[in-house]
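Encoded as structure tokens, the structure appears first; notes follow it.
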Protein chains: 2
Amino acid sequence: MKNKDAFKCNCTTIHQDIIDSVRSNMPSGEDLYAVAELFKVFGDNTRIKIICALFQSEMCVCDIAKLLNMTQSAISHQLRVLKKARLVKNRRDGKVVYYSLDDEHVKYIFDQGLAHVNE
Amino acid sequence: MKNKDAFKCNCTTIHQDIIDSVRSNMPSGEDLYAVAELFKVFGDNTRIKIICALFQSEMCVCDIAKLLNMTQSAISHQLRVLKKARLVKNRRDGKVVYYSLDDEHVKYIFDQGLAHVNE
DNA sequence: ATAACATATGAATACATGTTCATGTGTATA
DNA sequence: TATACACATGAACATGTATTCATATGTTAT
């Protein structure tokens with residue numbers, strides 16, 4: 001066996017036709033991984049609050065820290081994660097750095113999520 | 001001080017008006033928590049694959065395990081998480097349990113996520 | 001230049017979580 | 001009733017991650 005992980009499932013195969021069909025129509029593994037990584041960014045209470053706050057207004061780091069009653073450091077770390085995921089962008093004005101949303105999909109994704117939990 | 005966590009941020013307040021305005025228009029903490037929990041479910045490579053597979057067809061646990069080349073146990077645990085989040089439902093036919101999607105928002109959320117990572 | 005302030009960041013810690021392993025439950029069949 | 005199969009589940013383990021703490025960077029004003 002070339003791949004040591006090739007047979008993790010020892011079930012009797014029931015619907016090979018479905019398995020083959022589904023497999024051939026799945027997005028690439030890289031795409032799926034990237035999507036999971038994206039949703040992981042949404043899946044944190046602090047980050048979802050930051051995102052939700054930025055729907056209304058651009059804010060500086062200290063504003064967000066005050067709003068959420070958290071340390072400047074914690075917020076800064078999370079803004080870094082959000083920026084890496086290309087969900088927020090920032091601009092510097094003197095000592096102050098302002099963050100705002102950087103994606104048109106974010107609001108839509110958030111709203112659909114909210115719709116689900118409120119259904 | 002009534003709340004021991006009330007002053008985690010020691011920044012000089014810069015934009016109190018924005019903070020007040022944003023705070024008064026934020027969804028409730030419970031809603032935000034629920035949304036984060038929902039996206040946390042999407043934010044796992046195995047679960048996103050399961051969701052994506054179920055877009056195409058209902059599948060039994062062993063089918064999914066074979067498709068993803070993972071143990072039946074691991075898949076079963078993740079299906080439990082998905083069901084708790086009301087993203088999938090199941091039906092039993094004899095010994096076999098078939099899982100399928102149980103939400104109209106899921107596809108939209110996934111597609112928007114895919115659109116973001118492919119942009 | 002020095003002090004003050006806003007922000008960023010590396011390391012450490014504490015907590016959450018995904019998979020495995022062993023085993024239990026439910027259903028069909030011999 | 002006994003066996004086999006599909007699935008579920010609790011505990012253990014390993015890994016990932018959010019926050020804190022200390023400190024560094026960058027900018028402004030004195």
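Chain A is the first sequence line, chain B the second, and so forth, proteins listed ahead of strands; every chain is numbered from 1.
- Residue B:E58 contributes atom CD, which lies 12 Å from atom P of D:dC7 at whole-angstrom precision.
- Note: A:S57 OG to A:Y98 OH = 9.5 Å, rounded to the nearest 0.5 Å.
- A close approach under 4.0 Å does not occur between any side-chain nitrogen or oxygen of B:R80 and OP1 or OP2 of D:dC7.
- With sequence neighbours excluded, the residues forming a side chain to side chain donor-acceptor pair (under 3.5 Å) with B:R86 are A:E119, listed by chain and number.
- Side chain of A:R91 to backbone of A:D93: no donor-acceptor contact under 3.5 angstrom is found.
- Considering only side-chain N and O atoms, B:T71 lies under 4.0 angstrom from the phosphate OP1 or OP2 of C:dT20.
- One can place CG of B:L79 at 14 Å from C1' of C:dT19, the figure rounded to the nearest angstrom.
- With 3.5 Å as the limit, one finds a donor-acceptor pair spanning the side chains of A:Y99 and A:N90.
- Side-chain N or O atoms of A:N25 include one that pairs as donor or acceptor with a backbone N or O of A:S21 at under 3.5 Å.
- One atom, OH of A:Y98, and another, P of D:dT27, lie 15 Å apart when rounded to the nearest Å.
- In this structure, A:K107 satisfies the cation-pi test against A:F55, with its NZ or CZ atom closer than 6.0 Å to the six-membered ring centre and inside 45 degrees of the ring normal.
- With centroids closer than 5.5 Å and planes inclined by less than 30 degrees as the test, B:H77 and the base of C:dT19 fail to qualify as a stacked pair.
- For A:E30, there are no side chain to side chain donor-acceptor pair (under 3.5 Å) partners two or more places apart in sequence or in a different chain.
- The CD1 atom of B:I75 sits 11 Å away from the C1' atom of C:dT19 (whole-angstrom rounding).
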Scan nucleotides 22-29 of chain C against the protein and return all N/O pairs shorter than 3.5 Å with their distances rounded to 0.1 Å.
none

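- Separating the CZ atom of B:R91 from the C1' atom of D:dC7 is a distance of 15 Å, rounded to the nearest angstrom.
- For B:S76, no side-chain nitrogen or oxygen approaches OP1 or OP2 of D:dC7 to under 4.0 Å.
- We find that OH of B:Y99 is positioned 11 Å from C1' of D:dA6, with the value rounded to whole Å.
- Heavy atoms of A:K40 sit under 4.0 angstrom from primed sugar atoms or phosphate atoms, though from no base atom.
- When rounded to the nearest whole Å, the span between CG of B:N69 and C1' of C:dT19 equals 14 Å.
- The interatomic distance linking A:Y33 (OH) with C:dG18 (C1') rounds to 14 Å, in whole Å.
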